[in-house]
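Hydrogens, waters and symmetry mates play no part in the numbers below; they use all other heavy atoms, side chains included. Numbers restart at 1 for each chain; the letters A, B, ... are given by sequence-line order, proteins then strands.
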Amino acid sequence: MGNTLVIAEVHNGALRKATLTAVTFAKKAAANEGGAIFGLVVGSGVGAVADDFRRFGLAKVFVADNAAYQHALATTYAAVVAEVVKENGVTLVTATATAFGKDLLPRVAAKLDAGMVSDISDVVDGSTFVRPLFAGNALARVKVSSTIKVVSVRGTAFDAAKPAGNAADVVAITSAPADAVGTTFVRFDETKSARPELTEAQTIVSFGRGLKGPENIPIVEKLCDALGAGLGATRAVVDAGWVPNDFQIGQTGKVVAPTLYFAVGLSGAIQHVAGMKDSKVIVAINKDAEAPIFKVSDYGLVGDLFKVVPELVEAIIKAKAS
Amino acid sequence: MKILVAVKRVPDTTVKLKLKPDGTGVVTDGVNFEVNPFDVIAVEEALRLKEKAGGGEVIVATIGSKDATQQLRHGLAMGADRGILVVNDDDNAIDADVVARTLKAVVAKEQPTLVLVGKQSPDGESNQVPQMLAEHLGWPQATFASKVVVAADKASAEVTREADGGLETLSVRLPAVISADLRLNEPRYASLPGIMKAKAKKIDEFTFESLGVAKAPKVTAVGFFAPPERKAGAVVASVEELVNKLKNEAKVLG
Ligand SMILES: Cc1cc2nc3c(=O)[nH]c(=O)nc-3n(C[C@H](O)[C@H](O)[C@H](O)COP(=O)(O)OP(=O)(O)OC[C@H]3O[C@@H](n4cnc5c(N)ncnc54)[C@H](O)[C@@H]3O)c2cc1C
Ligand SMILES: Nc1ncnc2c1ncn2[C@@H]1O[C@H](COP(=O)(O)O)[C@@H](O)[C@H]1O
């Protein structure tokens with residue numbers, strides 16, 4: 001096999017931790033097939049990111065640092081990736097399946113005439129990967145026949161790589177910036193939150209329509225505070241505008257697998273479960289004993305959340321103190 | 001404004017699909033099919049943009065079996081003007097790239113100002129066709145759209161996208177490919193008069209050969225299998241018991 005390229009995601013001037021799960025995937029794939037693992041950082045003023053990335057057991061880290069790359073436009077980034085792939089004998093291109101990776105990788109695949117497999121959860125061999133589909137109701141073994149293969153990685157399926165070996169050489173890409181194909185960045189409206197980011201949180205409290213209205217969100221926020229948890233939500237309440245889209249967990253939102261997941265006042269529709277069923281311990285609180293969420297929960301409490309959750313907050317504070 | 005919307009026929013998204021015992025796929029006998037809910041949102045957006053522009057045409061296109069005509073009719077009943085069916089009898093024999101190249105051939109015929117697609121298929125979950133199509137056309141892309149505003153001169157659009165950590169707004173030159181996320185709009189239902197009218201609307205049929213597209217997938221599923229099942233655990237009687245179990249049995253309360 002040829003070499004593997006891991007594309008880094010840069011967030012607020014730092015390497016996003018999610019990228020490190022794609023590094024672990026790359027190591028697993030290369031362990032079977034051989035070849036070197038390279039990193040690629042694209043952005044503006046990303047020297048420190050490259051310096052961080054080079055600690056994770058990569059053979060080289062390519063850096064395309066240019067004001068034209070300040071915003072992650074799929075058009076420009078895909079051109080940089082394609083150039084690095086062609087010039088360095090890369091046959092496997094990967095990134096984590098975040099919004100960034102999902103937007104970029106299919107464009108890269110099309111540019112390179114490569115087959116792409118999305119959101120993989122395991123490696124069979126150099127051209128065959130495992131991925132969930134049908135809202136998590138099936139896994140498929142998928143084979144790619146093109147010489148260059150593009151793979152996005154399900155973050156919850158691989159551990160984050162740890163620093164390893166000697167720091168890799170950093171190689172600057174100095175070619176003229178790629179054409180943005182008529183795309184310009186206008187603005188980014190950040191969702192500000194003091195809570196842990198959902199894909200990195202150890203504990204998550206998620207809620208659904210059972211909360212009745214946005215005015216009741218403080219009830220679940222107190223549970224988050226007691227647990228140091230991230231706050232997640234179902235599509236239904238995001239659609240209703242109670243919380244920003246960034247909170248949605250599920251098949252078409254974020255996929256998470258924390259140590260502890262509380263599902264409060266949500267029914268457990270297949271699309272929601274697809275995004276959280278790999279959590280280690282799942283707790284459900286729902287007043288309907290027949291709610292599907294109980295079928296995937298380790299602990300179920302049938303009751304009215306308005307009564308149960310405040311009691312739970314008190315009990316957790318007490319248990320943690322003792 | 002001429003807008004092309006790609007729609008896919010998919011199994012009812014409320015049904016928990018079961019695997020076939022031989023591992024060749026999922027059982028779809030007795031399952032209803034519908035238009036991918038993301039594509040319904042894309043059709044709705046196209047209709048609204050056409051209304052706002054004061055005229056134009058909305059074309060719905062699909063690559064699928066003859067049965068997918070039903071899904072085209074649904075788009076026509078919502079208000080789309082005509083349909084295009086590229087006949088394909090075996091979903092396992094094509095991949096996202098073949099779909100994207102086929103849509104490219106349809107775009108070459110129709111020359112729309114905008115292509116609207118869903119963000120993702122709920123069955124195959126590839127989330128690839130829109131971005132691949134944009135690259136094959138050499139057009140801008142704006143994925144995961146929650147708001148689309150077309151400029152008065154129809155030369156560009158401002159698109160707000162559901163990104164990680166917030167909402168990103170891009171300006172894209174038209175023609176472009178835009179993929180719809182869940183919050184873009186609330187689609188209308190097909191009205192009875194709409195359904196009646198749809199029956200008379202034209203659907204043109206093509207084959208891969210007639211469009212000059214090679215049906216040569218680079219990605220094939222070689223087997224399906226069941227994910228590890230989660231077992232339902234214990235129902236606890238009280239908050240006290242729950243906290244006790246979390247602390248002493250699961251050991252997840254530090
Ligand atoms: C294409 C597509 C993609 C989708 N993607 C996603 C996705 O990514 N994520 C997602 O979450 N959904 C997704 N959905 C939506 C999904 O199908 C469900 O509609 C949604 O998850 C339901 O949200 P809910 O559980 O909040 O609401 P409901 O299903 O209405 O459940 C509310 C629950 O609250 C309980 N309840 C009510 N009052 C109380 C009380 N006082 N105390 C305790 N419990 C109470 C009820 O018993 C009920 O079980 C998608 C759907 C489609 C079609
Ligand atoms: N067979 C198909 N026919 C028409 N459009 C499709 C087809 N497959 C995918 N698409 C379009 O591409 C979008 C994303 O699908 P996917 O890349 O398969 O997740 C869908 O929402 C559709 O708009």
Could you check R16(A) against D164(B) for salt bridge (charged side-chain N to carboxylate O under 4.0 Å, His left out), going step by step and ending with a plain yes or no? CA-CA 11 Å; R16(A) 192 161 166 206; D164(B) 286 347; 3.0 Å; yes
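Between chain A and the residues D123(B), V235(B), V172(B), the largest count of heavy-atom pairs under 4.5 Å involves D123(B). Counting heavy-atom pairs closer than 4.5 Å to chain B, the top-ranked of the candidates E190(A), K149(A), R187(A), K295(A) is R187(A). Among E241(B), E229(B), E158(B), the residue making the largest number of heavy-atom pairs under 4.5 Å with chain A is E158(B). Among G115(A), S118(A), A78(A), P244(A), the residue making the largest number of heavy-atom pairs under 4.5 Å with chain B is S118(A). In terms of heavy-atom pairs under 4.5 angstrom with chain A, the leader among P122(B), A100(B), A226(B) is P122(B). Of the residues considered (Q248(A), K280(A), Q202(A), E197(A)), Q248(A) shows the highest number of contacts with chain B, using heavy-atom pairs under 4.5 Å. If you tally non-hydrogen atom pairs under 4.5 Å between each of K18(B), E186(B), Q120(B), E240(B) and chain A, the highest count goes to Q120(B). With respect to chain B, the highest number of heavy-atom pairs below 4.5 Å among N12(A), T98(A), T75(A), D103(A) belongs to D103(A). Each of S145(A), A284(A), S193(A) has some count of heavy-atom pairs under 4.5 Å with chain B, and the biggest count is that of S145(A). Among V159(B), L167(B), D95(B), V10(B), the residue making the largest number of heavy-atom pairs under 4.5 Å with chain A is L167(B). Of all the listed residues (D179(A), L104(A), D113(A)), the one sharing the greatest number of non-hydrogen pairs under 4.5 Å with chain B is D113(A). Residue with the most contacts toward chain A among L170(B), L246(B), L242(B): L170(B) (heavy-atom pairs, distance under 4.5 Å).
You'll find the side chain of T113(B) stays beyond 4.5 Å of the side chain of I3(B), heavy atoms only. Side-chain contact check for N185(B) versus R48(B): some heavy-atom pair is nearer than 4.5 Å. Proximity of L133(A) to F224(B): side-chain heavy atoms (C-beta onward) are separated by under 4.5 Å at one or more points. Two residues are said to be in side-chain contact when any heavy atoms from C-beta on lie closer than 4.5 Å; V281(A) and Y261(A) fail this criterion. Proximity of D29(B) to V31(B): side-chain heavy atoms (C-beta onward) are nowhere separated by under 4.5 Å. Contact of the L19(B) side chain with the V27(B) side chain is not registered, since no non-hydrogen atoms from C-beta on lie closer than 4.5 Å. Within the 4.5 Å cutoff, the side chain of T143(B) has no heavy atoms near those of the K119(B) side chain. Side chains of L312(A) and L223(A) form a contact here, defined as non-hydrogen atoms less than 4.5 Å apart.
Salt-bridge annotation for E200(A) and K17(A): absent, with no side-chain N of the basic residue lying under 4.0 Å from a carboxylate O of the acidic one.
Heavy atoms of S146(B) lying under 4.5 Å from chain A are absent altogether. Only the side chain of K247(B) comes within contact range of chain A, with at least one heavy atom under 4.5 Å from a heavy atom of that chain. Interface residue I270(A): only side-chain heavy atoms are found under 4.5 Å from chain B. Contacts of A114(A) with chain B are made by backbone atoms alone, with heavy-atom separations under 4.5 Å and no side-chain atom involved. Neither the backbone nor the side chain of D119(A) comes within less than 4.5 Å of any heavy atom of chain B. For V283(A), the part lying near chain B is the side chain, with the backbone staying farther off; criterion is any non-hydrogen pair under 4.5 Å. With a 4.5 Å cut-off on non-hydrogen atoms, L227(A) touches chain B through its side chain but not through its backbone. Neither the backbone nor the side chain of E314(A) comes within contact range of chain B, judged by heavy atoms closer than 4.5 Å. Using a 4.5 Å cut-off between heavy atoms, L260(A) touches chain B through its side chain atoms alone. Only the backbone of D278(A) comes within contact range of chain B, judged by heavy atoms closer than 4.5 Å. For a residue to count as touching a neighbouring chain, one of its non-hydrogen atoms must lie under 4.5 Å from one of that chain's; by this rule V238(A) touches chain B with backbone and side chain alike. Contacts of L73(A) with chain B are made by side-chain atoms alone, with heavy-atom separations under 4.5 Å and no backbone atom involved. Neither the backbone nor the side chain of P130(B) comes within contact range of chain A; no heavy atoms are under 4.5 Å apart. For a residue to count as touching a neighbouring chain, one of its non-hydrogen atoms must lie under 4.5 Å from one of that chain's; by this rule V243(B) touches chain A with the side chain only. Using a 4.5 Å cut-off between heavy atoms, S179(B) does not touch chain A at all. Proximity to chain B involves both the backbone and the side chain of Y299(A), based on heavy atoms less than 4.5 angstrom apart. Only the side chain of D246(A) comes within less than 4.5 Å of a heavy atom of chain B; its backbone N, CA, C and O stay farther away. When heavy atoms are compared at a cutoff of 4.5 Å, F144(B) approaches chain A solely by way of its side chain, counted from C-beta outward.
With R131(A) contributing its side chain and E125(B) its backbone, the two residues share a donor-acceptor pair below 3.5 Å. Side chain of T19(A) to backbone of E9(A): a donor-acceptor contact under 3.5 angstrom is found. With hydrogens and angles disregarded, no donor-acceptor distance shorter than 3.5 Å links the side chain of T128(A) to the backbone of D125(A). With hydrogens and angles ignored, the 3.5 Å screen pairs no side-chain donor or acceptor of Q128(B) with any backbone N or O of D97(B). With Q271(A) contributing its side chain and T13(B) its backbone, the two residues share a donor-acceptor pair below 3.5 Å. Listed for the E168(B) side chain is no donor-acceptor partner under 3.5 Å among the backbone atoms of D189(A). A distance-only check finds a donor-acceptor pair linking the side chain of D12(B) to the backbone of T14(B) [under 3.5 Å]. Proximity of a side-chain donor or acceptor of S152(A) to a complementary backbone N or O of A97(A) within less than 3.5 Å is not detected. When atom types are taken as modelled, the side chain of D39(B) and the backbone of K8(B) share a donor-acceptor pair closer than 3.5 angstrom. Using a distance-only test at 3.5 Å, with no hydrogens or angles considered, a donor-acceptor pair links the side chain of H272(A) to the main chain of I249(A).
Checked against salt bridge (Lys or Arg N to Asp or Glu O under 4.0 Å), K102(A) has no partners two or more places apart in sequence or in another chain. Residues passing the side-chain hydrogen bond (donor to acceptor under 3.5 Å, both in side chains) test with H11(A): none are found, sequence neighbours excluded.
With hydrogens and angles left out, the side-chain atoms of Q71(B) and D67(B) include no donor and acceptor closer than 3.5 Å.
Chain B is approached within less than 4.5 Å, heavy atom to heavy atom, by A315(A), I316(A), A319(A), K320(A), S322(A) from residues 315-322 of chain A, ordered by number. Of all residues spanning residues 250-257 of chain A, those with a heavy atom less than 4.5 Å away from chain B's heavy atoms are Q251(A), T252(A), K254(A), arranged by number.
Taking the six-membered ring where tryptophan is involved, the planes of F185(A) and H71(A) are essentially parallel, since the angle between them stays under 30° and well short of 60°.
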